[in-house]
Engineer: 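Got a structure for you, written out below as structure tokens; questions coming shortly.
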Amino acid sequence: MTRIQLFKAGVADIAVVTPSRWKDLNGTPVGNFYLVLEPDPSKPRLTIQHIILNTMREPFNIPEVRQALAWAVPYDTILTSVFGGLYTRLYTIVPKGMMGYTEYGIVKYEYNRTKAQEIINKLKAERGFDPSKYTITIYYNIGNTARAQIAALVQNEWARLGFNVIVQALSWPEYLDKMDHFNFDVGLLGWIPDYLDPDNYLMPFVWGGAEFTDLKYWENVAPGDVGKYLSKVERYVDTPNYIVVIGPQGTGATYSGPTNKPLLVVGYVLDEEETKKNWENPIAQVTIGSPGWKDVPVSALCKLSQRVLDPKVREAIINAAVIVFNNEAPMIMMGQALTGREYGSWVLNMYYPLTKFARYDLVYEDPNAPVADTGVQGIKNDPKTMVIATIGWPDTFDAAKSYESFGWEIFDQIYSKPITYYYENIEPEPELAVAWAFNKAGDELYLVIRGGVVAYDPWNKKTYPIDATDVLFTLWRAVRVNLPGGPQWMIDSFIDVNASQVLSESEFEQILSQGLVAVYHGASKEVKSMKELLGVFNYTGTTAGVVKLKLKFPYTPILHILTTGVASVISMEYALGDKYQAAITDSNNGKNPSAWAKYVIEGEEDETYKKLKDYPISTGPYYVADYKEDAYIILKINPYYWNATLWEQLYGYKPKP
């Protein structure tokens, strides 16, 4: 049976259905219930679609030209006819629902060819600009029907402004090569973030490749005192809560901008040598953002936003970068995806996290839900069974390797992470880390690990206690095995795993006494004792050690990375088997994790990979009970799940080991 047939027969509770079929299937009766397949305009996703302009080429180096082109895009036609109503209008690089999103001070570019022509005519009159001298090539990838349609629409509109416009489709490798090396005029692309933080939009797109030897900020600066911190004012940006003033560090600047809000002064020292290297042989999203927009003060905002702990200040810095990027239009934003609801109406409490997947133990069914044979091991789909008809197959069950959505959906069911999100909220919440704090420099993150957690090995019916060593080993191992195509960069780019270590609670108390900064629920607070730190997170239970993560540079978004699939916590003892005790001894109980390199090798011949890719364990609400490749995966409730009391509260259910 097809997925649609399974869905219509009540065999599947949730099914992946091509959006083009939604309208026809939405409301289809299934017994006393019906199918739900529709976009939810109230719940935008984080996927965005955009047009990238190569600002290192003429005429895209002229802001007014970029703005004119932005006014000459038929957005409504694209959203309605091309994207079928599954996208909503977006004006900024940081999408709605993400910290730093704002509509304050932005230009809401809509289709207005008259306005676009007025800008071009003004350029002609004042600067002698002649659009007919420019041939613009719009690139897209072969086989992408939506982008082909968008390219044709944009070609028609921009040609009416006087430009020569051609469209060219390329194979995916050719297309990426052109985009990566700035061998293009205009490209059509989309973006799905790897983790829930605006940095995953600012650095790939807004950052101008500038590097800095120093970045500082000062709050509530009097207008007459700006010259005490900056040698000149390069930009000032009016944001919702601050006027953000940016320039090189020094003295002598004169500020003459708005004074109706507190001034947040951002000062930088440009690293000219490293910046020059980035600009000499630019690579998109590696040495500079995708449009090649070399704005130094905005680059300073992007870099500074990575390390600011105070949420209010950080948001203002991000707002400023977003507003300038919107006004100057190095990219033309088309749309932001909407949540698509796909389930039978008998499925209750279904929710859609922005960067994770619904945990199916938090979703339940109407007691009168349809009952149908699944055709798998005699299992019936009844109100106590959830059946999901989907596409694809996990690359592997090893979270150090899998870097695709199916694998991460499974990991959200069978593993716990150090940090998580509750339902559709975007604030980091405790999972295996019950509390966390940064040092004042922002380059060390301390995770206090939950006590009483065990990992369940369903293949051998064994459990393993989980402590801080397992958490550090999980992150260290992802970097060490360095599996091809894996997500290990999310750890290795920001954490020096070999300089990280495990601490006892008493050792951590000594560090705490000097003062650390807890960041939770949009606020930061200095704490000087374990009691005070745990109090910030309202935790009163036992603990199992502390992980000290040494960051390669201050990076506030690291909290969000620790919610992702690559941070799925495994048991070190299960992974290493009879080598476990020796590895613990050699590393001095996690004080020297580099000693583990003796027991874990790089690549797919590593023994831990060979075990975990086929035989995952569980630290989450479910475990993999059985599977048949490309056919089915059976997950069962983990009777040893550390948070099983939640099920008693929700359903009156208590699992029996």
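None of these values were measured; they are calculated from a predicted model. Heavy-atom basis, side chains included; hydrogens, waters and symmetry copies ignored.
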Engineer: What heavy-atom pair brings Leu354 and Pro44 nearest, and what distance separates the two atoms?
Structural biologist: CD2-O, 3.4 Å

Engineer: Compare every heavy atom of Gly190 with every heavy atom of Arg147, then report the nearest pair and how far apart it is.
Structural biologist: NH2-N, 3.2 Å

Engineer: Check the pair Glu64, Lys122 against salt bridge (Lys or Arg N to Asp or Glu O under 4.0 Å), reporting the backbone distance first and the verdict last.
Structural biologist: CA-CA 9 Å; Glu64 293 86 352; Lys122 186 177 181 181; over 6 Å; no

Engineer: Please check: side-chain N/O of Thr55 versus main-chain N/O of Gly292, any donor-acceptor pairing under 3.5 Å?
Structural biologist: yes

Engineer: Check the pair Leu189 / Phe205 against side-chain contact (heavy atoms from CB on, under 4.5 Å), numbers first and verdict last.
Structural biologist: CA-CA 12 Å; Leu189 277 172; Phe205 300 108; over 6 Å; no

Engineer: Do you know which two heavy atoms are closest between Glu342 and Ile14, and how far apart they sit?
Structural biologist: O-CG2, 3.4 Å

Engineer: As a quick check of understanding, evaluate salt bridge (Lys or Arg N to Asp or Glu O under 4.0 Å) for Lys133 and Glu58, giving each step before the final call.
Structural biologist: CA-CA 10 Å; Lys133 291 183 178 180; Glu58 294 185 3; over 6 Å; no

Engineer: Check for a donor-acceptor pair, side chain of Asn278 on one end and backbone N or O of Gly209 on the other, with a separation under 3.5 Å.
Structural biologist: yes

Engineer: Pick one: which of Lys356, His560, Glu429, Glu427 meets side-chain hydrogen bond (donor to acceptor under 3.5 Å, both in side chains) with Tyr421?
Structural biologist: His560

Engineer: I'd like to know whether the aromatic ring centres of Phe212 and Tyr268 sit less than 6.0 Å apart in this structure.
Structural biologist: yes

Engineer: Does the Trp279 side chain pair with the main chain of Ile288, one donor and one acceptor, at a distance under 3.5 Å?
Structural biologist: no

Engineer: Quick one: side-chain hydrogen bond (donor to acceptor under 3.5 Å, both in side chains) pairs with a partner in residues 94-107, sequence neighbours left out?
Structural biologist: Tyr101-Glu103, Glu103-Lys108, Tyr104-Asp238, Tyr104-Lys261

Engineer: Is there side-chain contact between Tyr139 and Asn183, with heavy atoms separated by less than 4.5 Å?
Structural biologist: no

Engineer: For a quick test of reading the model, state the closest non-hydrogen atom pair linking Pro330 to Phe325 and the distance between them.
Structural biologist: CD-O, 3.2 Å

Engineer: So Ile166 and Asn164, side-chain contact (heavy atoms from CB on, under 4.5 Å) or not? Walk me through it.
Structural biologist: CA-CA 7 Å; Ile166 60 176; Asn164 302 303; over 6 Å; no

Engineer: Among residues at least two apart in sequence or on other chains, which ones pass salt bridge (Lys or Arg N to Asp or Glu O under 4.0 Å) with Asp199?
Structural biologist: none

Engineer: Within the distance-only criterion (no hydrogens, no angle test), does the side chain of Trp22 pair as donor or acceptor with the backbone N or O of Val17 below 3.5 angstrom?
Structural biologist: yes

Engineer: What are the two closest non-hydrogen atoms of Pro95 and Leu90, and how far apart are they?
Structural biologist: CA-CD1, 3.9 Å

Engineer: Donor-acceptor pair, Arg314 side chain versus Ser305 backbone, under 3.5 Å?
Structural biologist: yes

Engineer: NZ of Lys552: more than 12 outside heavy atoms within 6.0 angstrom?
Structural biologist: yes

Engineer: What pair of heavy atoms forms the shortest contact from Arg3 to Val16, and how long is it?
Structural biologist: NE-O, 2.6 Å

Engineer: Once rounded to the nearest 0.5 Å, what's the spacing between atom OG1 of Thr92 and atom CG of Asn319?
Structural biologist: 9.5 Å

Engineer: For the residue pair Thr88 / Gln336, report whether a side-chain donor-acceptor contact shorter than 3.5 Å exists.
Structural biologist: no

Engineer: Flag the pair Trp408 / Tyr403 as yes when at least one side-chain heavy-atom distance between them is below 4.5 Å, and no otherwise.
Structural biologist: yes

Engineer: Under the 3.5 angstrom rule, does the side chain of Glu424 hit a backbone N or O of Tyr351 as a donor-acceptor pair?
Structural biologist: no

Engineer: With heavy-atom distances below 4.5 Å as the criterion, would you say the side chains of Asn260 and Ile243 are in contact?
Structural biologist: yes

Engineer: Say whether, by atom type as modelled, one donor and one acceptor occur between the side chain of Arg45 and the main chain of Tyr352 under 3.5 angstrom.
Structural biologist: yes

Engineer: Determine, step by step, whether Arg235 and Glu328 satisfy the salt bridge (Lys or Arg N to Asp or Glu O under 4.0 Å) criterion, reporting the C-alpha distance in whole Å, the side-chain angles of both residues, the deciding distance to 0.1 Å, and the verdict.
Structural biologist: CA-CA 13 Å; Arg235 282 192 182 276; Glu328 298 216 356; 2.9 Å; yes

Engineer: Would you indicate whether the side-chain heavy atoms of Asn54 and Asp185 approach each other to under 4.5 Å?
Structural biologist: no

Engineer: Is the closest side-chain heavy-atom distance between Lys294 and Met56 below 4.5 Å?
Structural biologist: yes

Engineer: Set out, in order, the CA-CA distance, both residues' side-chain angles and the distance that settles salt bridge (Lys or Arg N to Asp or Glu O under 4.0 Å) for Asp271 and Lys277, then state yes or no.
Structural biologist: CA-CA 10 Å; Asp271 187 329; Lys277 287 180 184 177; over 6 Å; no

Engineer: For side-chain contact (heavy atoms from CB on, under 4.5 Å), just list the numbers for Leu301 and Val206, CA-CA rounded to whole Å, side-chain angles, deciding distance to a tenth of an Å, and then say yes or no.
Structural biologist: CA-CA 10 Å; Leu301 295 174; Val206 181; over 6 Å; no

Engineer: Can you tell me how far the CD1 atom of Ile150 sits from the CD atom of Gln155, to the nearest 0.5 Å?
Structural biologist: 13.5 Å

Engineer: Tyr134 vs Phe129 aromatic rings, parallel, tilted or perpendicular, using cut-offs 30° and 60°?
Structural biologist: parallel

Engineer: Classify the ring geometry of Tyr175 against Trp172: parallel below 30°, tilted from 30° to 60°, perpendicular beyond 60°.
Structural biologist: tilted

Engineer: Are the side chain of Thr275 and the backbone N or O of Glu211 linked by a donor-acceptor pair below 3.5 Å?
Structural biologist: yes

Engineer: Is it true that Glu315 and Tyr242 share a donor-acceptor pair across their side chains at a distance under 3.5 Å?
Structural biologist: no

Engineer: Are any side-chain N or O atoms of Asn200 and backbone N or O atoms of Asp194, one a donor and one an acceptor, separated by less than 3.5 Å?
Structural biologist: yes

Engineer: Parallel under 30°, tilted from 30 to 60°, perpendicular over 60°: which one fits the rings of Tyr255 and Tyr236?
Structural biologist: perpendicular

Engineer: Check step by step if side-chain contact (heavy atoms from CB on, under 4.5 Å) holds for Arg89 and Tyr109.
Structural biologist: CA-CA 10 Å; Arg89 190 72 181 90; Tyr109 297 101; 4.2 Å; yes

Engineer: Within the distance-only criterion (no hydrogens, no angle test), does the side chain of Asn327 pair as donor or acceptor with the backbone N or O of Ile323 below 3.5 angstrom?
Structural biologist: yes

